[in-house]
K.L.:
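Sending over a structure as structure tokens; questions will come in a sec.
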Amino acid sequence: MTDSEEEAYLRGMTAAHLDIVRASLVHLDAFGGPNLEYENARLVAERSELLLVLRDVCDRFGDNDWSNDLHLVDVIHKHLVPHLIPWEDSSDEANQ
């Protein structure tokens, strides 16, 4: 299995597990009222889904030389924007 095939396999496994989490969230939300466990699980699932999308977008338009624990804004500014707008230094924007 090539590196790209293994990465695709792992993304698929993550997506399958996220489907299970989303299905479970429906039942956690059914209790009504403030539910910290539900909100935490929802945010974790949302971040995981966003990571999958960012990996796909960076694969097509940027680079995937980043770890899953990197702050999402840093992923966008350091691994996507420079490839989309190569003539513009994104670090200069952050300082203005």
K.L.:
Going through the distances and angles, do His83 and Phe61 end up as a side-chain contact (heavy atoms from CB on, under 4.5 Å)?
P.N.:
CA-CA 6 Å; His83 298 276; Phe61 302 106; 5.6 Å; no
K.L.:
Would a distance-only check, ignoring hydrogens and angles, find a side-chain to backbone donor-acceptor pair under 3.5 Å from Arg55 to Asn64?
P.N.:
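Yes, Arg55 side chain to Asn64 backbone: donor-acceptor pair under 3.5 Å.
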K.L.:
Consider only side-chain heavy atoms of I, L, V, M, F, W and Y, link residues closer than 4.5 Å, and tell whether Leu10 and Leu52 are in one cluster.
P.N.:
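As far as the 4.5 Å side-chain criterion goes, Leu52 and Leu10 are not connected within one cluster.
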K.L.:
Using the side chain to side chain contact (heavy atoms under 4.5 Å, CB included) rule, pick out the option among Asp56, Leu51, Val57 that qualifies with Val53.
P.N.:
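The side chain to side chain contact (heavy atoms under 4.5 Å, CB included) with Val53 is passed solely by Val57 among Asp56, Leu51, Val57.
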K.L.:
Kindly indicate whether the side chain of Lys78, heavy atoms from C-beta on, has any atom under 4.5 Å from the side chain of Leu70.
P.N.:
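No - every pair of side-chain heavy atoms lies 4.5 Å or more apart.
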K.L.:
Going by the rule side-chain hydrogen bond (donor to acceptor under 3.5 Å, both in side chains), which residues pair with His17 if we only count those two or more places apart in sequence or in a different chain?
P.N.:
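None.
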K.L.:
Compare every heavy atom of Val21 with every heavy atom of Ala45, then report the nearest pair and how far apart it is.
P.N.:
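For Ala45 and Val21, the tightest heavy-atom pair comes out as CB-CG1, 3.8 Å.
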K.L.:
Could you work out, with side-chain hydrogen bond (donor to acceptor under 3.5 Å, both in side chains) as the rule, every residue matching Thr2, not counting sequence neighbours?
P.N.:
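So Thr2 forms a side-chain hydrogen bond (donor to acceptor under 3.5 Å, both in side chains) with Ser4, Glu5.
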K.L.:
Quick check: are there more than 12 heavy atoms from other residues, nucleotides or ligands sitting under 6.0 Å from CG of Asp3?
P.N.:
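At most 12 heavy atoms, drawn from other residues, nucleotides or ligands, come within 6.0 Å of this atom.
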K.L.:
side-chain contact (heavy atoms from CB on, under 4.5 Å) between Leu54 and Trp66: does it pass, once the steps are laid out?
P.N.:
CA-CA 11 Å; Leu54 275 173; Trp66 48 275; 4.1 Å; yes
K.L.:
Mind listing the closest non-hydrogen atom pair of Ala15 and Arg22 along with its distance?
P.N.:
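Heavy-atom minimum between the residues: O-NH2, 4.4 Å.
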K.L.:
If you group Ile, Leu, Val, Met, Phe, Trp and Tyr by side-chain heavy-atom gaps below 4.5 Å, do Leu18 and Leu50 land in one group?
P.N.:
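As far as the 4.5 Å side-chain criterion goes, Leu50 and Leu18 are not connected within one cluster.
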K.L.:
Taking the side chain as every heavy atom from C-beta outward, state whether Asp63 and Leu80 have any pair of such atoms under 4.5 Å apart.
P.N.:
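Sidechains of Leu80 and Asp63: no contact.
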K.L.:
If you compare all heavy atoms of Leu72 against all heavy atoms of Arg47, which two are closest, and at what distance to 0.1 Å?
P.N.:
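Reported closest heavy-atom pair: CG-NH1, 3.3 Å.
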